[in-house]
Amino acid sequence: MNTKYPEYDNLDLTRIGREIETWWEENKIFEKSLALTAGKTPFIFYEGPPSANGKPGIHHVIARAIKDIFCRYKTMKGFYVHRKAGWDTHGLPVEIAVEKKLGITKEDIGKTITVEDYNKECREEVMKYKDLWDDLTVKMGYWLNLNDPYITFDNKYIESVWYLLSELYKKDLLYKGFTIQPYSPAAGTGLSAHELNQPGTYKMVKDNTVVAQFKVIRDERSEFLFRDISGDLYILAWTTTPWTLPSNTALAVGKEMDYLVVKTFNPYTHLPETVVLAKVLLNRYFPETHAALTLEEYQPGQKNIPYKVVAELKGDELTDVRYEQLLPYAQPVDGDAFRVVTGDFVTTDDGTGIVHIAPSFGADDFRTGKQNGIGSLTLVDKQGRFTEEMGEFAHRYVRAEYDKDFDPGKDTPVDVDIIVKLKKENKAFKSEKYEHSYPHCWRTDKPILYYPLDSWFIRTTACKDQMIALNKTINWKPEATGTGRFGNWLENLVDWNLSRSRFWGTPLPIWRTENRDEEKIIGSLEELKTGIDKAVAAGFMASNPLGHFIPGDMSDENYNSFDIHRPFVDDILLVSEKGEKMFREPDLIDVWFDSGAMPYAQYHYPFDKTRKLEEYFPADFIAEGVDQTRGWFYTLHAISVMLFDSVSFKTCVSNGLILDKEGNKMSKKLGNALDPFETIAKYGPDATRWYIITNSQPWDNLKFDLEGITEVQRKFFGTLYNTYAFFALYANIDGFIFKEKDVPVEQRPEIDRWILSELNSLIRSVDEFYSDYEPTKAGRAISDFVDEHLSNWYVRLSRRRFWKGEYTSDKISAFQTLYKCLEAIAQMISPIAPFFAERLFNDLNNITGRYQVESVHLTTFPVDDPELIDKSLEERMELAQKISSMVLSLRKKTSIRVRQPLNKILLPVSGDHLKIQIESVKNLILSEVNVKELEYITDAAAFLVKRAKPDYKKLGPKYGKLMKPIAETVTNFTRDEIAKLESEGQLSFSVNNSEVIILMADVEIISEDIQGWQVANMGNLTVALDITITPGLWEEGLARELVNRIQNLRKDNDFEVTDKISVRLMSRVEINLAVLNNLSYICSETLAQSFDIVDSLDTEERVAIELTDALSTFISIRRIGDT
RNA sequence: AGUCCCGUAGCUCAGUUGGUUAGAGCACUACACUGAUAAUGUAGGGGUCGGCAGUUCAACUCUGCCCGGGACUACCA
């Protein structure tokens, strides 16, 4: 066994990463950490499945670092944390990638390529970068079980998904309805959102628009509108698609918006009428210049039409006002139509502030229709023509672009004809051409329609309240993601459109008879197999493709004996109750359902009986990017609430984006995307992780700057490494291997007890931060400790104890204290910086064997010892640091170097408490600032200049408005007034004719200056320094200079720190006395066994040294034992 | 367009229930220290705390509106 702590030439985090990675693998440390905790309380974690058909980016490192941190932390807290990897494998991105690769379009599928071959391509494509992903996982140190991942295209996985769907169906939460989708009549197909986002689909077009007049029905509800008017009342609504007007079933207003009732005349029929429109849009239709015109003087046909505002009201007041159907070709059958509703989408940017609602032809319209139960009309067919019911317009194309025979010279588009009709019937208020951007089909280049298409839906709205209620029990980090983003999403929930008309995905397990009377959902493969058997018996199918499948046999072999994807599943026919043929609904399901089903499907629930659901559901913790809020977070939540009446995760950490250092989103297009592999290779995985975690809160966006990683490397890892190196250097010299018993705490010096107190305080807060899912705070706290407390104060002040003198109990105490700090830090940083922590821990533990485990990740998280925490000690050390810093600053001001000893520090103290505090750290201060003594001066000293400062927090609430003059008075208290306050305990004066009584507690009295001294102030501390240099002090200073020069020479000559030397110094009158008076000091500092002052030195061996600007001489040093 | 997040020194970030002169690191400059030396200390410059109102004795902090950056959702008469 080694007895020396390893010492390194430099810190190479990349190398440490690589070496530890290999070492983990060879020694199966991850597996051991699982074995160690097996059977303990599980901490359930879900890995959100990435899609492996794209390369991983640096932004994947952040979410995975967060996941890893808490899984490692919980493991150290004794939980069993199983982490199963997973892959999201279905969906459009995969299909697009395949189509690009093969150079085909959707239309080719089934024609130039069979669905079977196409899906085979998808299956390969989706795992294209799996190895790359696995590599990143390993290199960044994300511990995840990669050997047995769940894969969403797996037959077992699909079976679980089918089960969940069938349960939804049984609860009447799955239904077929229709939704408004972008649709290309020319191509006869719906378009996905993705297709709509292809470049060039949105083009500017000029449309004929019309403001239509909807005639209000006078009844109880609307009576108030007719108060001051006679004749007809119309609500005005604008449309760019006049062909949707026959399908109008409602009008929408903004709830809080202001509307006006305006008397005027119709510009086409010249009839008197009253109209309603938004207040802010009044002048768009009624120019202000017409305001002076009177209604009475109106001549039919005159160009400038007069108007008069007769009433003003809120949109809300119009709710449920009824109007006559504008173009009554057909009646809706499924709702209470032709009334005013409110909608949050209503704006006053265009139109009249009142929106014409045709639920069949707009997504907003559809949603509004659903929410208000107003019913719909669909008077256009899938070819884009008006239907039979449309009278004179029947069978005409709603847009001329769809009509091959349309002749612009001869024919008029149908919208023009509709507008003409409206004008004639006193139903149009204004008509004009309007240019706006409108989506076009990327394949046919013709405008698209929004059209209702059949789809399967999950009735999420039925469980909305429960989803909201359960969401409130989830611990969201940050909270705003849960209450805001996610909460709002739930508040505005619509039913989940499950259908996708694609090829590569989980098939919908629903079969229907041709006449749609009978319907069946399949919830397991066993059920399917039995069903097929019946179909075979009925003669509908020749054979059973699941013939070799044995229900209950969970082997992969059994489950891989067939493929349940399209096209095979499409060939399966079933038999209905009545003996009819049943065909599968051709849709696939939304891939998001796949990922939302992972809690159950990852373990093949409920078919695999070897695990109980509560062993892996619900999750204690998940973490992904905030972009998953309405994606994975939502689908997880929706499915678990609907089917299990439970949350599916108890804590969710959502992280922000990674931006480049300019704050732009990283993208391949911009070329600013960072390769995570390069970053890790260059800076090492730990520095990368530490930087990502500590630079900003994970939920804030991170401006990724490589220089930030360099800083982390230097500042944190460098300092920690230096501290270890310092320890190793002297521990190796003294052979410290922690074999001695712990030096009792009370026998340790103040500074040891202090750093141990700080360490235990740190352990406590870091533990709290981790358990509160605050990795940034944890990392920053550790970093502050290492930098400020451990390195810059403890080690700095304790250095001498490590290299000076014999192997005493004080030295052992120092070694033990520093060792414990390093050991606990290794443990505390191990979740964030797992590689470096491992190296640090093992470098220590391999020598001392204090832990019987071989890895830091197999230890339990350190527990703070309240006995060791001494807040008063921490406080006084802070005082020592402050005072030292103030004295150093005074030295700086007066240009007296630290090597020059000084005599005295003066410190005004107001009470015993401060004095006692400082007394116990006095020696630390004195040695740090190289001063001989510290003297306290009490209140009585006449040369103190005191000032009173008001305590705003105490006086503010008492005196309120008088605060300003009081503060001024208190600040300007004279010496006598302060003395009076101090002796009598209170002081009264009047301000603005009010009596004010100031108590001692209301002010803070500080000694700001000491007459005749160099003084520094910091808060309520004041320090004075005696800068007189006596001859004795000067000699001491010179001796120290000499020591320094000798030490430098030792180093230049590459002597070991333990080598003894002999010294000869060339005699100089000014120096000799200083040397002789401090000879023993000089010798012990430099390990000089002999020191001679000589009159001459050989030019060969002498070296010139400069002790001060004015004093130089020659010196020769020789190592004892050297010839 | 809606919802949410962010805006503090040149850069990256802290800033606790509103309370005295708004902090740290990096970078820059100068000086020191050095048996941890690719480390460290001290000092200095640098801020209308995104803007404007409001509440209050007192606003970086609370409220409203606006501006800028970002995300998600939606795509509308």
Side-chain angles (χ1 to χ4, degrees), chain A residues 10-11 182 193 196 202 209 211 237-241 244 251-252 343-347 349-358 362-365 367 439 450 478 480-481 483-489 491-492 625-631 656-657 659 661 663-665 694-697 699-703 705 707-708 710-711 714-715 718-719 722-723 725-727 729-730 780 784 787 791-792 795-796 799-800 802-803 884-885 888-893 895 897-899 949-957 959-967 971 1004 1044 1047-1048 1050-1051 1057 1085-1086:
Chain A
N10 56 14
L11 173 64
L196 216 55
Y202 279 85
T209 72
V211 174
W238 180 60
T239 181
T240 55
T241 51
T244 60
L251 294 170
D344 55 12
F345 53 87
V346 179
T347 67
D349 298 341
D350 287 308
T352 62
I354 298 152
V355 177
H356 137 68
I357 300 290
D364 277 340
D365 306 45
R367 192 159 40 85
Y450 288 91
T481 301
T483 54
R485 195 185 281 255
F486 196 62
N488 285 326
W489 169 252
E491 293 289 344
N492 299 313
V626 69
D627 51 323
Q628 291 296 330
T629 309
R630 283 143 190 198
L657 300 184
L659 312 170
K661 66 178 190 179
N664 300 309
K665 194 180 177 180
T694 58
N695 185 67
S696 61
Q697 299 272 26
W699 29 89
D700 289 339
N701 291 345
L702 171 67
K703 281 189 199 155
D705 185 357
E707 283 189 19
T710 320
E711 193 180 320
R714 249 204 349 258
K715 193 93 191 114
T719 306
N722 273 336
T723 307
F726 173 86
F727 168 82
L729 176 65
Y730 293 109
R780 285 177 180 173
D784 287 349
D787 202 40
S791 171
N792 285 338
V795 173
R796 218 156 69 85
R799 274 177 299 189
R800 177 167 288 259
F802 287 91
W803 50 263
S884 302
S885 151
L888 290 172
S889 130
L890 283 173
R891 278 180 170 276
K892 158 80 194 161
K893 245 184 237 164
S895 306
R897 53 185 66 180
V898 179
R899 261 198 297 259
K949 275 187 175 177
D951 187 336
Y952 283 76
K953 219 169 178 172
K954 283 195 181 116
L955 288 169
Y959 293 107
K961 278 193 173 127
L962 293 172
M963 210 36 228
K964 243 179 210 156
I966 291 176
T971 314
E1004 198 177 341
N1044 168 251
Q1047 303 290 30
N1048 287 346
R1050 287 179 59 109
K1051 216 151 125 199
V1057 290
E1085 285 298 305
T1086 58

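Just so we're on the same page: letters track the sequence lines, and every chain starts at 1. The analysis underlying the following values was restricted to heavy atoms, covering all of them including side chains, and did not include hydrogens, waters or symmetry mates.
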Length of the line joining [X]:[atom1] and [N]:[atom2], which is rounded to integer Å:
X       : N       : atom1 : atom2 : answer
W699(A) : rG7(B)  : CH2   : C1'   : 19 Å
D700(A) : rC4(B)  : CG    : P     : 17 Å
R799(A) : rC33(B) : CZ    : P     : 13 Å
R800(A) : rC33(B) : CZ    : C1'   : 14 Å
D365(A) : rC75(B) : CG    : C1'   : 11 Å
Y450(A) : rA74(B) : OH    : C1'   : 10 Å
Q697(A) : rU8(B)  : CD    : C1'   : 16 Å
E711(A) : rA24(B) : CD    : C1'   : 11 Å

Considering every strand and a 4.0 Å limit on heavy-atom distances, what is the contact class for [X]: base, sugar-phosphate, or nothing?
X        : answer
D787(A)  : nothing
R796(A)  : base
E1085(A) : base
R780(A)  : sugar-phosphate

[X] versus [Y], closest heavy-atom pair with distance:
X       : Y       : value
V355(A) : A237(A) : C-CB, 4.4 Å
T244(A) : A358(A) : O-CB, 3.8 Å
R780(A) : N695(A) : NH2-O, 3.0 Å

For nucleotides [N] and [M], find the distance between their [atom1] atoms and express it as a whole number of Å.
N       : M       : atom1 : result
rG41(B) : rA59(B) : P     : 37 Å
rC62(B) : rU16(B) : P     : 9 Å
rG18(B) : rU63(B) : P     : 11 Å
rA9(B)  : rC72(B) : P     : 27 Å
rU55(B) : rU12(B) : C1'   : 34 Å
rA22(B) : rA27(B) : P     : 25 Å
rG70(B) : rA24(B) : P     : 32 Å
rU29(B) : rG69(B) : C1'   : 33 Å

Between rU20(B), rU42(B), rA36(B), which one does the side chain of S885(A) approach most closely?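 Nearest to the side-chain atoms of S885(A), counting from C-beta on, is rU42(B).
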Closest to side chain of R714(A), choosing from rA27(B), rG19(B), rA36(B):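 Of all the options, the side chain of R714(A) is nearest to rA27(B).
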Report yes if at least one side-chain N or O of N10(A) is closer than 4.0 Å to OP1 or OP2 of rA38(B); otherwise report no.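 For N10(A), the contact criterion (side-chain N or O under 4.0 Å from OP1 or OP2 of rA38(B)) is not met.
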Under 4.0 Å: is that the gap between some side-chain N or O of N695(A) and OP1 or OP2 of rC13(B)?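 Affirmative; the distance criterion is met.
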With a 3.5 Å limit on both atom pairs, tell me what [N] is paired to, counting Watson-Crick and G-U wobble, or say none.
N       : value
rC57(B) : rG19(B)
rC33(B) : none
rC11(B) : rG25(B)
rA71(B) : rU3(B)

Would you mind telling me which residue lines up with the more 5' stretch of RNA chain B, K715(A) or A725(A), judged by nearest nucleotide?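 This one resolves to K715(A).
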CD1 on I354(A) to CG on L251(A), rounded to 0.5 Å: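 Answer rounded to 0.5 Å: 7.0 Å.
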How far does OG1 of T241(A) sit from NE2 of H356(A), to the nearest 0.5 angstrom?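 Between atom OG1 of T241(A) and atom NE2 of H356(A) there are 5.0 Å.
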State whether the distance check finds a donor on one side and an acceptor on the other, under 3.5 Å, for side chain S791(A) versus base rA36(B).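 Yes, a donor-acceptor pair under 3.5 Å.
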Parallel, tilted or perpendicular: which describes the rings of F726(A) and F802(A), with under 30° parallel and over 60° perpendicular?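 F726(A) and F802(A): perpendicular rings.
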Salt-bridge contact R714(A)-E707(A) (side-chain N to carboxylate O under 4.0 Å):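 No, no charged N to carboxylate O under 4.0 Å.
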